[in-house]
Number of protein chains: 2
Amino acid sequence: MIIIDISIMSINGAAMSDGEQEFLEGYDPKAFDRPSVAVDLVLMSVHERTLHALLVRRDEQPAKGKWALPGGFVRIDEELDAAAKRILKEKAHLQSAYLEQLYSFGAIGRDPRMRVISVSYFALLPEEKFAQALRSDALTLAKITTAWTGESGGPAEASTETEGRLSLAFDHADILGLAVKRLRGKLDYSDIAFELLPKQFALRELQDVHEAILGVSFNKPAFRRRMLDKGNLNPTGHREEGVTFRPAELYRFSRKGNIHG
Amino acid sequence: MIIIDISIMSINGAAMSDGEQEFLEGYDPKAFDRPSVAVDLVLMSVHERTLHALLVRRDEQPAKGKWALPGGFVRIDEELDAAAKRILKEKAHLQSAYLEQLYSFGAIGRDPRMRVISVSYFALLPEEKFAQALRSDALTLAKITTAWTGESGGPAEASTETEGRLSLAFDHADILGLAVKRLRGKLDYSDIAFELLPKQFALRELQDVHEAILGVSFNKPAFRRRMLDKGNLNPTGHREEGVTFRPAELYRFSRKGNIHG
DNA sequence: GCAATAGTGTCTGTCAGACAATATAGG
DNA sequence: CCTATATTGTCTGACAGACACTATTGC
């Protein structure tokens with residue numbers, strides 16, 4: 001048995017009006033009992049031409065020893081986005097990242113402790129920032145694969161060189177799968193690809209990002225044209241360094257576009 | 001006190017390890033103060049070539065007298081989707097509808113009573129079903145407009161013939177706006193347009209739905225070709241009735257497509 | 001026949017894919 | 001010059017928009 005003191009349920013609110021009090025008393029007590037709300041982050045980047053995510057090893061029950069998405073409970077006086085940012089700092093040691101709310105997972109048995117509703121976020125990072133996050137021992141960089149392609153959806157698998165396929169905690173394989181689906185879906189009509197690249201990048205790097213995420217390969221001249229015709233890539237005049245062949249021009253993304261006149 | 005038998009916690013999955021069991025017995029739920037979790041529904045349809053939504057007049061504080069999205073609290077032993085379906089039945093008197101989770105809103109002061117995190121859903125109905133929902137006096141059919149078009153986003157406005165522009169409760173104008181944005185975004189790559197039409201419909205009706213939602217008008221032959229070329233519309237052999245001009249062929253949507261050989 | 005809308009055929013501009021050709025770095 | 005990759009140019013096929021044309025219903 002678990003014994004829960006219901007008195008904790010009313011500490012948080014402002015004073016209630018009479019009408020409200022009456023309204024609440026007419027309810028089934030189970031309707032008034034509250035779930036916990038958590039935030040889980042899917043931190044993704046492209047590394048070695050493959051989609052990767054950051055996972056944390058659980059050192060507490062439940063699912064102790066398994067790999068999980070970095071997450072934590074939302075505080076009673078904390079906005080959802082603020083909770084996501086806090087977890088980004090606390091668990092991944094990152095000051096900032098592109099963050100976007102993904103989906104809320106609320107299946108009854110997803111956490112064996114109690115009813116937990118998890119608001120998931122997906123986060124995108126340029127590869128350079130992964131190193132910073134990986135200073136923590138508890139974190140690993142896992143390769144992400146899906147059995148499906150394109151629209152369909154479903155869970156994703158995570159694996160590392162040393163451990164092979166990882167067993168993920170809770171319903172985190174589903175969350176990961178949805179994050180991949182969303183990423184694939186938004187890639188070509190939004191600007192999120194640039195969140196995965198450094199400030200300056202070669203067009204080939206941009207193409208690698210697209211190919212890694214969508215799992216397809218593109219015709220190079222057509223891809224170049226398609227990207228440049230959008231009018232939001234500006235050549236910097238700088239070139240790649242340290243390559244043994246012709247160095248590529250580096251471009252910079254600018255949100256504004258080139259519409260003037 | 002509420003006493004919960006922990007046996008209900010294990011319906012979901014594999015048996016728990018010894019360590020997990022031990023952990024659960026020592027777990028103190030008081031450690032976290034919890035927000036309330038609610039579900040709000042954006043019930044939409046196309047009526048008289050315009051996007052409309054179902055709103056309910058609040059007869060309780062807070063925001064008494066204002067119009068709001070039909071909603072309610074999620075019960076502690078209820079899945080999120082199940083809560084959405086329950087509210088669909090209780091508040092809109094509808095047995096079924098296309099339902100899809102939209103976004104979770106958790107701003108601190110969005111509900112003056114207490115911290116409420118609202119998981120919003122958007123629902124699509126064929127116009128015929130609106131009549132059924134409107135049997136309740138508390139409900140109204142409001143015309144939805146947005147100051148923005150296309151991708152940008154922002155709040156939406158609701159209005160009726162009798163009351164003009166409505167003042168919506170809480171952050172419901174934002175939720176409505178996001179629902180419209182999602183609907184516009186998914187319209188041409190998904191099958192959701194057919195959720196807004198009866199089983200059999202004329203191509204002109206399908207075009208009306210697209211035009212009402214996107215706020216643009218299409219070239220008729222091009223629209224026809226685009227829809228028919230997808231291969232998931234089957235002519236029924238039946239025709240429109242009660243029109244004073246040439247009656248249109250009625251089509252039926254089939255998810256499978258025509259891929260055979 | 002007339003009005004009104006359904007449905008078809010054809011031209012054309014846009015754009016992505018294929019592929020060949022040229023450019024430039026290190027050696 | 002050779003290798004490897006960047007970058008450009010040209011052809012072509014798919015497809016949406018424009019628009020003129022034909023078809024069918026009630027009156």
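Side chains are part of it too, since the values below use all heavy atoms of this structure and drop only hydrogens, waters and symmetry mates.
Judged by closest nucleotide on DNA chain C, B/Thr244 is the one of B/Thr244 and B/Leu250 placed further toward the 5' end. Comparing A/Phe245 and A/Arg225 by the nucleotide of DNA chain D that holds the closest heavy atom to each, the one mapping nearer the 5' end is A/Phe245.
Using a 4.0 Å heavy-atom cutoff across all strands shown, B/Glu240 reaches no nucleic acid atom at all.
Within 6.0 Å of the NZ atom in A/Lys143, the count of heavy atoms belonging to other residues, nucleotides or ligands does not exceed 12. Heavy-atom contacts from other residues, nucleotides or ligands closer than 6.0 Å to NZ of A/Lys129 number more than 12.
A centroid separation of less than 6.0 Å is found between the aromatic rings of B/Tyr103 and B/Phe105. Outside the 6.0 Å centre-distance limit, the rings of B/Phe201 and B/Phe253 are not counted as a close aromatic pair.
Among residues two or more places apart in sequence or in another chain, the side chain to side chain contact (heavy atoms under 4.5 Å, CB included) test is passed with A/Glu79 by A/Ala82, B/Ala107, B/Ile108. For A/Ala53, the side chain to side chain contact (heavy atoms under 4.5 Å, CB included) criterion is met by A/Met44, A/Ile144, A/Leu176, not counting sequence neighbours.
Looking at A/Glu249 and A/Tyr251, their side chains never bring a donor and an acceptor atom within 3.5 Å of each other.
Applying the ring pair (Phe, Tyr, Trp, His ring centres under 6.0 Å) definition to pairs two or more places apart or across chains, none involves residues 121-161 of chain B.
Using a 4.0 Å cut-off between charged nitrogen and carboxylate oxygen, B/Glu240 and B/Arg204 do not count as a salt-bridge pair. For A/Arg57 and A/Glu163, the salt-bridge test passes: some basic side-chain N is under 4.0 Å from an acidic carboxylate O.
Boundaries of the chain A contact region on DNA chain C are C/dA16 to C/dG26, first to last in 5' to 3' order (nucleotide atom under 4.0 Å from a heavy atom). Interface limits on DNA chain D: the 5'-most and 3'-most nucleotides within less than 4.0 Å of chain B heavy atoms are D/dA16 to D/dG26.
Residues of residues 202-222 of chain B having a heavy atom closer than 4.0 Å to DNA chain D, listed by number: B/Asn219, B/Pro221, B/Ala222.
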